[in-house]
Enquirer: 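This structure is in structure tokens; I'll ask about it shortly.
Whatever order the structure lists them in is the order used to number ligands and atoms, beginning at 1.
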Amino acid sequence: MTETRANYVNGEWVSSESGETIDVENPANPSEIVARYQQSNAADAADAVDAAVEAQDDWATTPGPKRGRILREAGTILQERKDELTDSLVAEEGKARPEAAGEVQRAIDIFHYFAVKAADLGGTTKSPSGRQKNLYIRQEPVGVAALITPWNYPVAIPVWKLAPALAAGNTVVLKPASQAPGVVLDVAEALDEAGLPDGVFNVVTGPGSEVGSEFIENEGTDAVSFTGSSHVGEMVYEQATDAGKRVQTELGGKNPTLVTDSADPAEAAQIVANGGFGTTGQSCTGCSRAIVHEDVYDDFVAALVDRAESIDVGPGNDHEMGPQASESELKGTLDYIEIAQDEGATLVAGGGQPEGEAVEEGYFVEPTVFTDVESDMRIAQEEVFGPVVGVLKVSDFEEGLSVANDVPYGLSASIVTDDHTEANRFIDEAEAGVVKVNEKTTGLELHVPFGGFKRSSSETWREQGDAGLDFYTIEKTVYDN
Ligand code: NAD
């Protein structure tokens with residue numbers, strides 16, 4: 001029988017007032033319903049905010065090292081359950097197993113990282129100017145943080161917001177994406193078992209327009225951290241700003257890899273394939289544009305096509321590339337494949353759904369490559385969010401740099417080159433929050449800041465590392481005489 005999972009509010013497992021549930025299907029086999037979740041409404045969301053408000057003062061005054069111990073213990077519990085969480089990610093989101101296991105490990109590592117940070121939170125002491133005996137700056141929690149997260153990293157993204165928020169003494173209400181909410185409820189279980197006091201962390205599943213919107217509008221929340229599409233994120237930003245909330249939005253990308261004439265075309269193709277086809281192309285930092293010098297273009301395209309055609313697509317447990325996460329994501333990708341052809345791009349690999357017994361049922365799509373892509377085409381400007389790479393030909397480094405920057409997004413950008421001067425120019429001039437040399441656009445370390453330029457991010461705040469704590473803290477300057 002399919003399990004129905006409850007919301008986690010004020011330390012209790014509770015059903016929605018709506019009495020309705022959401023089915024989550026396995027994208028590799030949609031007739032299988034993996035689990036049911038609460039189809040919550042604004043009243044459920046408001047209850048969660050009330051619990052978080054009630055718990056705020058006690059949590060804020062709990063000593064940092066004690067908060068840290070709870071985070072560390074939760075990470076340890078999750079480590080013991082890593083296989084179960086990985087199963088859940090593969091079943092709900094469709095990720096290939098090694099990628100799913102890597103994501104779960106990342107969430108565990110983030111808990112351990114912020115456990116140390118919680119213990120080490122401090123302010124700074126300044127020299128008094130003469131009148132006062134002590135002049136210092138304290139870091140205080142912002143209050144109640146509302147977190148709204150996407151489906152493509154269903155555990156890593158919620159945890160990279162949650163762990164710093166809790167470490168800094170905030171209480172949290174979280175609305176995960178409806179496509180894969182299971183792992184966030186597993187995290188709530190682990191925190192509960194680790195001794196997190198009631199009300200400090202609350203999870204409510206349901207539609208963004210109801211639950212997310214209530215979190216943003218409710219007077220009890222102080223900060224909103226959102227990750228998702230630019231379209232929704234920009235509305236959320238406005239709504240939260242109007243409601244007087246501190247707000248952070250981490251949004252879409254159209255990430256380039258620039259391949260210069262000094263690059264080894266085969267190595268460059270491997271880097272682009274890893275960035276473009278990894279996680280079925282469903283990463284905000286995924287490479288969707290290869291901008292290639294004309295001298296290495298033909299060899300690069302041949303190597304990229306070879307790699308695309310060699311990828312084994314099928315259910316994530318035993319194949320290299322899993323399905324798209326939902327029917328609408330698959331449709332979105334297939335629509336863009338059609339649009340690219342209508343615009344005049346040349347399809348050189350993939351372009352449809354694979355055939356075979358293993359892939360008969362699910363939302364699978366072939367790794368796809370287009371050549372003859374021009375920078376003003378929609379396929380080169382808009383986020384596809386599937387395993388589709390467009391190759392653009394350029395005649396020199398200057399043109400390549402300008403094409404790389406010629407999009408409304410600026411999340412991640414990489415260059416493949418043997419020329420140090422070009423690499424340095426790219427580092428200086430690429431309009432992206434993350435710049436990489438001779439590396440794929442995807443993949444981030446947990447101890448360095450992450451965020452984008454232009455439409456990819458609200459720019460004011462960064463996530464992860466020390467910068468990840470800034471959003472959840474507010475400084476107070478104390479003159480103590
Ligand atoms: P989405 O914008 O559709 O949804 C994100 C979250 O917002 C979900 O929980 C959704 O339910 C909620 N939501 C929807 N409407 C809302 C509303 N009116 N008010 C409040 N909340 C609302 O995004 P998605 O499809 O889940 O995720 C994919 C997108 O996320 C891609 O564009 C990807 O690039 C982006 N992304 C960005 C980053 C980053 O760090 N920059 C990381 C991962 C994903």
Enquirer: If hydrogens are left out, which of V232, I216, I157 has an atom nearest to atom 16 (C) of ligand 1, that is, the closest non-hydrogen atom?
Expert: V232
Enquirer: Going by the order shown, which atoms of ligand 1 are within less than 4.0 Å of some heavy atom of L251?
Expert: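 Listed by number with element: 34 (O), 36 (N), 37 (C), 38 (C), 39 (C), 41 (N).
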Enquirer: To the nearest 0.1 Å, how far is atom 42 (C) of ligand 1 from its closest protein heavy atom, and which atom is that?
Expert: C284 SG, 3.0 Å
Enquirer: When you measure from atom 18 (N) of ligand 1 to every protein heavy atom, which one gives the shortest distance, and what is it?
Expert: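 Answer, as residue, atom name and distance: S209 CA, 4.0 Å.
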Enquirer: Are side-chain N/O atoms of Q248 and S458 paired as donor and acceptor at under 3.5 Å?
Expert: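 Result is no, nothing qualifies.
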Enquirer: Could you list which atoms of ligand 1 come closer than 4.0 Å to a heavy atom of I148?
Expert: 6 (C), 7 (O), 9 (O), 12 (C), 21 (N)
Enquirer: With a 4.5 Å heavy-atom cut-off, do L121 and L469 have their side chains touching?
Expert: yes
Enquirer: Please say whether G228 places an N or O atom under 3.5 Å from an N or O atom belonging to ligand 1.
Expert: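 The answer is yes, given that G228 and ligand 1 share an N or O pair closer than 3.5 Å.
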Enquirer: In terms of residue, atom name and distance, what is the protein heavy atom nearest to atom 40 (O) of ligand 1?
Expert: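 In this structure, atom 40 (O) of ligand 1 has F450 CE2, 3.2 Å as its nearest protein heavy atom.
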Enquirer: Drop me the distance from I22's CD1 to T205's OG1, to the nearest 0.5 angstrom.
Expert: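 So the CD1 of I22 and the OG1 of T205 are separated by 4.5 Å.
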Enquirer: With the side chain counted from C-beta on, respond yes when M235 and I216 share a heavy-atom pair under 4.5 Å apart, and no when they do not.
Expert: no
Enquirer: Need the ligand 1 atom indices (1-based, order shown) with element for anything under 4.0 Å from a heavy-atom of A177.
Expert: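 Every atom of ligand 1 under 4.0 Å from some heavy atom of A177: 9 (O).
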Enquirer: To which protein heavy atom is atom 22 (C) of ligand 1 closest, and what is the distance rounded to 0.1 Å?
Expert: G208 CA, 3.4 Å
Enquirer: What residue and heavy atom of the protein are closest to atom 44 (C) of ligand 1, and at what distance?
Expert: N152 OD1, 3.3 Å
Enquirer: By ring pair (Phe, Tyr, Trp, His ring centres under 6.0 Å), which residues pair with F471, not counting sequence neighbours?
Expert: W461
Enquirer: Is it the side chain, the backbone, both or neither of Y153 that has a heavy atom closer than 4.0 Å to ligand 1?
Expert: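 The answer is neither; Y153 stays 4.0 Å or more away.
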Enquirer: Test the K161-F226 pair against the cation-pi criterion, namely NZ or CZ under 6.0 angstrom from the six-membered ring centroid and within 45° of the ring axis.
Expert: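 No; the conditions do not both hold, so K161 does not lie above the ring face of F226.
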Enquirer: Is it the case that the side chain of K454 and the backbone of V407 share a donor-acceptor pair, with hydrogens and angles ignored and the cut-off at 3.5 Å?
Expert: yes
Enquirer: Please determine if T227 has a nitrogen or oxygen closer than 3.5 Å to a nitrogen or oxygen of ligand 1.
Expert: no
Enquirer: So do K331 and Y363 actually touch side chain to side chain, heavy atoms under 4.5 Å?
Expert: no
Enquirer: Run the salt-bridge test on R307 and E320 with the 4.0 Å N-O cut-off and return the result as yes or no.
Expert: yes
Enquirer: In terms of residue, atom name and distance, what is the protein heavy atom nearest to atom 28 (C) of ligand 1?
Expert: F385 CE2, 3.7 Å
Enquirer: Classify the ring geometry between Y8 and W13 as parallel (under 30°), tilted (30 to 60°) or perpendicular (over 60°).
Expert: tilted
Enquirer: Determine, for E193 against R81, whether the closest basic-nitrogen to carboxylate-oxygen distance falls under 4.0 angstrom.
Expert: yes
Enquirer: Identify, for atom 32 (O) of ligand 1, the protein heavy atom at the shortest distance, and state residue, atom and that distance.
Expert: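 Of every protein heavy atom, E383 OE1, 2.6 Å lies nearest to atom 32 (O) of ligand 1.
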Enquirer: Return yes when at least one protein heavy atom is under 4.0 Å from atom 26 (O) of ligand 1, and no when none is.
Expert: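 Answer yes: something from the protein, a heavy atom, is under 4.0 Å.
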Enquirer: Looking at OG1 of T4 and CD1 of I33, how far apart are the two atoms once the value is rounded to the nearest 0.5 Å?
Expert: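 Going from OG1 on T4 over to CD1 on I33, the span is 11.0 Å.
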Enquirer: With a 4.0 Å cut-off on heavy atoms, is F215 in contact with ligand 1?
Expert: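 No, that is not the case, since the closest heavy atom of the residue is not under 4.0 Å from the ligand.
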Enquirer: For the 3.5 Å polar cut-off, considering only N or O atoms, please tell me whether S229 and ligand 1 meet it.
Expert: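 Looking only at distances, the answer is yes, because the N/O contact criterion of under 3.5 Å is met.
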Enquirer: Give the residue and atom name of whichever protein heavy atom lies nearest to atom 11 (O) of ligand 1, and the separation in Å to one decimal.
Expert: K175 NZ, 2.9 Å
Enquirer: Does any N or O atom in E463 lie less than 3.5 angstrom from one in ligand 1, N or O only?
Expert: no
Enquirer: Below 3.5 angstrom, do we get any N/O pair linking W160 and ligand 1?
Expert: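 Among all N and O atoms of W160, none is under 3.5 Å from an N or O of ligand 1.
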